[in-house]
Amino acid sequence: MIDLKNLTIKQAHESLLSGKYTAVDLAQAYLENIKTKDSKIHAYLEVFSDVLDQARESDKRIASKDRVTVLTGIPIAVKDNILIKGRIASSASKMLENYHATYDATVIKKLKEAGVIFLGRTNMDEFAMGGSTENSAFGVTHNPCDLERVAGGSSGGSAAAVAGDMALAALGSDTGGSIRQPASFCGLVGFKPTYGAVSRYGVMAMGSSFDQIGPFAKSTEDAQILFDFIAGSDIMDSTSVSPQSLALGIHKGLALGPIKIGIPKEVMKVEGMDEAVLANFNQSVEKLKKLGYEIQEVSLPNLPYSLAVYYTLIPAEVSSNMARFDGVRYGLHVEGANMTDDYFKSKQTGFGPEVKRRIILGTYILSSGYYDAYYNKANIVRDLIRADYKKAFEIVDVIITPTTPSPAFKIGEKINDPLKLYLEDIFTVPANLAGIPAVSIPSGFKPVGASKLPLGLQLLAASGNDKLLFTVAADFESK
Ligand code: GLN
């Protein structure tokens, strides 16, 4: 029996090398767990039928010492909006229910080279729009810590797969919090890299100026291992940048003294914050002080506008990115009376309510007469938010906030009120607006009835300082 609960990538790697167990044994252990647990959790939309074949390949590589990396034979799960050649990638939408990817996303190509085993594709909010996976066209994902609650979203399936020990790690995408929020709800580490640090080639675009692919893991070290493998510039994504130019790994930090951590004073004024979240955040601050970090207050004066800016720019980018799903080139086609009718019928049938809502809003925001009032104005404020962070990072190295204003909520609790769901994103969207790296790490629990609901601490750093986040996160985690 392999103890999957406490397994890390490095431990698994060592066991595979020493022959304690094989990649087939390990993959089998995860498949067993999926079989017994996933009917209640629904983390996966599909478990691949060739998992054991992939594992046998890994075992061959390990036996012949052929291109063995720390990820060779490591079973991971992949969010359903990341393309794996020949496999279905549906973005949890009826629109792409039977769409087979024609190429590998760059991150997949890199992980294949590293020898990773892909267990399956995970559930998500349709086209990554949402924060609970309730917008999936294929049913909700349940939180392994409390089955009545959401696992978060939009990458809820990836989070639940790792938290339920149905994958050792997973990939998700984060446009406004979709890695960090589910990580926080499920008690995991979830990392959103600096915009451009990871190629977006082969991830279905939601908000192209926001999207980043990142890892879910049970430890900071595991998340960093995955990040190191997937990061880097890519000729197929002109917004990706080389680690050098991002200064990845370099703590540009202020002087060499102790790392300085800032708490934005605007955060404390956020309405509707759960008391347990606030108390836990204060505990985290005390812990960081004890670890020797210098804590000080910083100001991000435009932070209160981030939700309004995000939910103006995102529908605009969504409406443009969703235009390609016209029923002709990809996925679902519903025949109408004429070509225009084809479009109407295909989109009407293929898209769920949240996607439609954003297309309609975004089209309005981008229409002549409103473009300046909404889209342009929001972009101007986005620049102000960026400038706020730039200024703050001249004073501190890292900024911390809670990841979410509340722990995982009940399934059905917020789905009928989109605004309530949008408010959940208050702490996560600023990092995407500013393009900076951010990580959510487990910071404690809120006991509710028989459940212990995980809480998360979010750490943010200046663009390119991804490694600094791992350093502080690992320090926090180890003590
Ligand atoms: N909850 C946010 C939204 O609905 C974030 C989604 C994401 O990061 N993909 O837009």
Side-chain angles (χ1 to χ4, degrees), residues 78-79 81-82 105 107 124-125 128-131 152-156 158-159 162 169-186 188-200 203-217 220 222-232 237 239-241 243 246 248 306 310 313-314 317 382 385-386 389 393 398-404 424-442 456-474:
V78 179
K79 188 175 180 179
N81 62 349
I82 301 174
V107 293
M124 56 184 281
D125 286 297
M129 298 173 210
S154 63
S155 324
S158 286
V162 180
L171 289 184
S173 66
D174 191 312
T175 304
S178 280
I179 294 175
R180 290 159 287 155
Q181 185 252 31
S184 163
F185 281 7
C186 293
L188 301 172
V189 177
F191 178 63
K192 182 204 91 74
T194 296
Y195 182 76
V198 176
S199 168
R200 289 180 294 112
V203 63
M204 290 183 205
M206 175 185 163
S208 308
S209 73
F210 297 75
D211 302 338
Q212 271 294 285
I213 297 171
F216 284 92
T220 303
D222 283 3
Q224 185 166 3
I225 289 174
L226 267 178
F227 172 65
D228 285 342
F229 271 90
I230 61 174
D237 172 7
T239 61
S240 69
V241 276
L246 261 181
L248 289 181
S306 14
Y310 176 86
L313 294 178
I314 276 294
E317 292 197 14
R382 183 180 192 178
I385 292 169
R386 272 205 192 101
Y389 278 101
F393 285 126
V398 170
I399 290 176
I400 54 169
T401 71
T403 308
T404 58
E424 279 290 311
D425 302 334
I426 178 78
F427 295 129
T428 48
V429 297
N432 305 74
L433 285 165
I436 59 177
V439 66
S440 177
I441 54 175
L457 175 70
Q458 179 180 229
L459 297 90
L460 309 106
S463 269
N465 262 342
D466 304 53
K467 291 265 156 92
L468 173 64
L469 288 184
F470 286 121
T471 308
V472 180

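What you see is a predicted model, and the numbers here were worked out from it, not measured in a lab. Count residues from 1 along the sequence.
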*Asks:* With no hydrogens and no angle check, do the side chains of Thr401 and Gln458 hold a donor and an acceptor under 3.5 Å apart?
*Replies:* yes

*Asks:* Compare every heavy atom of Leu469 with every heavy atom of Leu460, then report the nearest pair and how far apart it is.
*Replies:* C-CD2, 3.6 Å

*Asks:* Minimum heavy-atom separation for Pro437 and Ala462, please, with both atom names.
*Replies:* CD-O, 3.4 Å

*Asks:* State the CG-CZ distance between Leu313 and Arg382, to the nearest 0.5 angstrom.
*Replies:*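 One finds 6.0 Å between CG of Leu313 and CZ of Arg382.
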
*Asks:* Can you name the closest pair of heavy atoms from Thr428 and Gly176 and give their distance?
*Replies:* OG1-O, 2.7 Å

*Asks:* Looking only at non-hydrogen atoms, find the nearest pair between Gly153 and Pro182 and report the distance.
*Replies:*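 Closest approach of Gly153 to Pro182: O-CD, 3.4 Å.
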
*Asks:* If the condition is side chain to side chain donor-acceptor pair (under 3.5 Å), which residues does Thr403 pass it with, not counting sequence neighbours?
*Replies:* Ser440

*Asks:* Indicate the atoms forming the closest heavy-atom contact of Lys79 with Ser173, along with that distance.
*Replies:* NZ-OG, 2.8 Å

*Asks:* Any chance the side chains of Thr194 and Asp466 put a donor and an acceptor closer than 3.5 Å?
*Replies:* yes

*Asks:* Between Lys467 and Asp228, does any side-chain N to carboxylate O distance fall below 4.0 Å?
*Replies:*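 Between Asp228 and Lys467 there is a salt bridge, with a charged N closer than 4.0 Å to a carboxylate O.
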
*Asks:* Hey, what do you get for CD1 (Ile82) to CD1 (Ile213), rounding to the nearest 0.5 Å?
*Replies:*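 Separation between the atoms: 4.5 Å.
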
*Asks:* Please step through side-chain contact (heavy atoms from CB on, under 4.5 Å) for the pair Arg200 and Tyr195, ending with a clear verdict.
*Replies:* CA-CA 10 Å; Arg200 289 180 294 112; Tyr195 182 76; 3.1 Å; yes

*Asks:* Verify, without hydrogens or angle tests, whether Lys192 (side chain) and Ile436 (backbone) share a donor-acceptor contact under 3.5 angstrom.
*Replies:*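 Confirmed, Lys192 side chain pairs with Ile436 backbone.
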
*Asks:* So, Ser240 side chain and Asp237 main chain: donor-acceptor pair closer than 3.5 Å or not?
*Replies:*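 Flag set: sc Ser240 to bb Asp237 pair under 3.5 Å.
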
*Asks:* Quick one: side chain to side chain donor-acceptor pair (under 3.5 Å) partners of Ser178, sequence neighbours excluded?
*Replies:*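 So Ser178 forms a side chain to side chain donor-acceptor pair (under 3.5 Å) with Ser154.
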
*Asks:* What residues, two or more places apart in sequence or in another chain, satisfy side chain to side chain donor-acceptor pair (under 3.5 Å) together with Asp174?
*Replies:* Arg180, Asn432

*Asks:* Does any pair with a residue in residues 424-440 pass salt bridge (charged side-chain N to carboxylate O under 4.0 Å, His left out), and if so which ones, sequence neighbours excluded?
*Replies:* Lys414-Glu424

*Asks:* Would you say that Tyr389 contacts Ile399 through its side chain, given a criterion of any heavy-atom pair below 4.5 Å between the two side chains?
*Replies:* yes

*Asks:* Return the set of residues passing side chain to side chain contact (heavy atoms under 4.5 Å, CB included) with Ala183 (not counting sequence neighbours), or none when no residue passes.
*Replies:*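 Once residues adjacent in sequence are excluded, the partners of Ala183 under the side chain to side chain contact (heavy atoms under 4.5 Å, CB included) criterion are Leu188, Phe216.
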
*Asks:* Not counting sequence neighbours, which residues clear ring-ring contact (aromatic ring centres under 6.0 Å, His included) with Phe229? List them please.
*Replies:* none

*Asks:* Please report the shortest heavy-atom distance between Ser158 and Leu171, naming the atom on each side.
*Replies:* OG-O, 2.8 Å

*Asks:* Could you tell me if the side chain of Asp222 sits less than 4.5 Å from the side chain of Val189, heavy atoms only?
*Replies:* no

*Asks:* Answer whether the closest heavy-atom distance between the side chains of Phe393 and Asn465 falls below 4.5 Å.
*Replies:* no

*Asks:* Show, in sequence, the C-alpha distance, side-chain angles and deciding distance for Tyr310 and Ile426, and conclude whether the side-chain contact (heavy atoms from CB on, under 4.5 Å) test is met.
*Replies:* CA-CA 10 Å; Tyr310 176 86; Ile426 178 78; over 6 Å; no

*Asks:* For the pair Asp211 (side chain) and Met206 (backbone), establish whether a donor and an acceptor sit closer than 3.5 Å, ignoring hydrogens and angles.
*Replies:*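 Looks like yes, one N/O pair under 3.5 Å.
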
*Asks:* Look at the rings of Phe470 and Phe227 and say which category their plane angle falls in: under 30° parallel, 30 to 60° tilted, over 60° perpendicular.
*Replies:*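 The rings of Phe470 and Phe227 sit tilted, inter-plane angle from 30° to 60°.
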
*Asks:* If you round to the nearest 0.5 Å, how far is CG of Asn81 from OG1 of Thr175?
*Replies:* 8.0 Å

